[in-house]
K.L.:
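Shown below is the structure under consideration.
Counting starts at 1 for both ligands and their atoms, following the listed order.
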Amino acid sequence: MRRKIVAGNWKMNTTPEQGVQLVKDVLKNLGHACTSVDYIVCPPYTHLSEVVKVTRGTAVQVGAQNCAEETKGAYTGEVSAEMIASLGVRYVILGHSERRQYYGETSATLNKRMTQVYANDMVPIYCVGETLDERESGKLWDVVKAQIEEVIFELSDEQYHRLVIAYEPVWAIGTGKVATADQAQEMHAFIRKTLAAKFKDAAAKTPILYGGSVKPDNAAEIFAKEDVDGGLIGGASLKAEDFLGIGKGFDAV
Ligand code: 13P
């Protein structure tokens with residue numbers, strides 16, 4: 001059985017005070033939500049310390065949205081994986097399409113970040129996904145395959161066991177255009193097959209999350225698909241009620 005995960009990527013939203021309130025609201029209402037789901041919140045760096053403190057000993061775990069590719073030193077403005085891990089953070093999102101698009105992240109830079117995350121005993125949530133052009137021109141399979149092969153295939157078997165993948169079609173992020181449950185399943189199955197080519201049976205154990213305009217009213221249908229193990233949620237993770245409502249999508253499965 002694969003773990004079911006609902007992860008919130010807050011992106012560059014909320015002040016630390018608002019973020020702490022948001023996570024408190026999530027915790028307050030979690031009792032009513034499905035307990036078989038692992039909840040993860042990924043606030044901006046500035047809130048990590050406080051959010052870890054508030055969530056300690058609860059069912060909510062904390063992730064960062066990125067980390068530096070270098071270990072330490074003269075890299076103004078960067079935050080290292082060691083710094084993040086030292087706070088008690090468990091996950092790091094890597095390769096989000098916004099990082100690839102706006103900050104020039106490539107497989108080469110992501111390989112270095114992966115190394116940092118594993119060296120500090122955290123778990124990467126590695127994002128893949130195609131643009132609308134790539135989907136419409138039929139290149140989606142090659143694009144996603146390359147994103148997996150160039151980064152995930154560099155991992156050792158031991159590292160591979162601590163990995164979450166998120167499929168986030170770029171055209172569905174923040175647009176309100178959600179992939180259909182069948183489109184998500186088709187790509188998730190393809191990702192799992194690609195992973196199995198290298199990691200064999202272990203691929204069956206890797207959680208693959210769907211991300212892109214997931215809301216409480218469309219989560220259940222997507223999560224019902226065999227290879228969809230949860231969601232990476234942007235906008236809807238900024239409201240405790242919606243975030244937990246998405247987790248309830250698993251009740252219907
Ligand atoms: P939205 O849920 O706002 O579409 O964002 C998805 C996302 O990018 C999560 O990482």
Side-chain angles (χ1 to χ4, degrees), residues 4-14 18-19 22-23 26 37-45 47-48 51 60-67 84 89-103 105 110 113 117 122-132 134-135 140 143-144 147-148 151 163-181 183-184 187-188 191 207-223 225 228-250:
K4 304 291 182 195
I5 298 173
V6 174
N9 175 8
W10 295 1
K11 308 192 181 183
M12 198 172 72
N13 291 296
T14 71
Q18 290 165 341
L22 172 55
V23 84
V26 168
V37 176
D38 288 351
Y39 288 93
I40 303 170
V41 292
C42 304
Y45 290 139
H47 321 8
L48 286 173
V51 171
V60 175
Q61 303 209 53
V62 182
Q65 296 174 21
N66 190 21
C67 72
I84 294 166
V89 171
R90 175 96 184 109
Y91 295 90
V92 181
I93 298 173
L94 286 182
H96 193 281
S97 62
E98 289 151 15
R99 302 283 330 162
R100 294 181 194 261
Q101 262 185 303
Y102 309 143
Y103 302 99
E105 290 195 16
L110 289 166
R113 288 181 162 87
V117 168
M122 295 185 290
V123 179
I125 302 175
Y126 179 68
C127 304
V128 298
E130 81 286 357
T131 62
L132 188 58
E134 289 162 347
R135 174 163 282 264
L140 69 169
V143 167
V144 171
Q147 289 169 339
I148 300 263
V151 177
L163 171 71
V164 176
I165 302 262
Y167 168 56
E168 299 205 310
V170 179
W171 48 272
I173 295 177
T175 57
K177 269 193 221 159
V178 66
T180 65
Q183 283 174 325
M187 181 56 88
H188 282 226
I191 291 170
I208 306 178
L209 315 183
Y210 169 79
S213 298
V214 179
K215 306 279 181 257
D217 62 2
N218 60 27
E221 195 188 346
I222 300 171
F223 292 174
K225 293 292 178 183
V228 180
D229 304 306
L232 182 55
I233 321 300
S237 71
L238 296 170
K239 271 199 195 152
E241 198 188 334
D242 287 353
F243 186 54
L244 293 171
I246 288 169
K248 283 184 196 156
F250 282 115

K.L.:
Closer than 4.0 angstrom: is that true for some heavy atom of Ala172 and an atom of ligand 1?
P.N.:
yes

K.L.:
Pairs of nitrogen or oxygen atoms closer than 3.5 Å, one from Gly211 and one from ligand 1: do any exist?
P.N.:
no

K.L.:
Could you tell me if Glu168 and His96 have a donor-acceptor pair between their side chains, going purely by distance under 3.5 Å?
P.N.:
yes

K.L.:
Can you sort out which atoms of ligand 1 are near Gly235, meaning under 4.0 Å from one of its heavy atoms?
P.N.:
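Near Gly235, the atoms of ligand 1 are 1 (P), 2 (O), 3 (O).
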
K.L.:
With only distance considered, is Thr175 within less than 3.5 Å of ligand 1 through an N or O on each side?
P.N.:
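Checking ligand 1 against Thr175, no N or O pair falls under 3.5 Å apart.
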
K.L.:
Please confirm whether Glu98 comes within less than 3.5 Å of ligand 1 when only nitrogen or oxygen atoms on both sides are compared.
P.N.:
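In fact, backbone or side chain, Glu98 has no N or O that close.
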
K.L.:
If every non-hydrogen atom of Val41 is compared with every non-hydrogen atom of Phe243, which pair is closest and at what distance?
P.N.:
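Closest approach of Val41 to Phe243, heavy atoms only: CG1-CE2, 4.0 Å.
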
K.L.:
Considering only heavy atoms of Glu168, which atoms of ligand 1 have at least one such atom less than 4.0 Å away?
P.N.:
6 (C), 7 (C), 8 (O), 9 (C), 10 (O)

K.L.:
So, does Lys215 sit close enough to ligand 1 that a heavy atom of it is under 4.0 Å from the ligand?
P.N.:
no

K.L.:
Any nitrogen or oxygen of Gly234, side chain or backbone, less than 3.5 Å from one on ligand 1?
P.N.:
yes

K.L.:
Looking only at heavy atoms, which two atoms of Cys67 and Arg113 are closest? And how far apart?
P.N.:
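For Cys67 versus Arg113, the nearest heavy atoms are O-NE, 2.7 Å.
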
K.L.:
Would you mind telling me if ligand 1 is within reach of the side chain of Ala236, the backbone, both or neither, using heavy atoms under 4.0 Å?
P.N.:
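Neither part.
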
K.L.:
Does Tyr210 reach the main-chain N or O of Ala179 with its side chain, forming a donor-acceptor pair under 3.5 Å?
P.N.:
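Judged by distance alone, yes, a pair lies under 3.5 Å.
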
K.L.:
Between Asn9 and ligand 1, which residue portion shows a heavy-atom distance shorter than 4.0 Å: side chain, backbone, both, or neither?
P.N.:
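Under 4.0 Å from ligand 1, Asn9 contributes side-chain atoms alone.
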
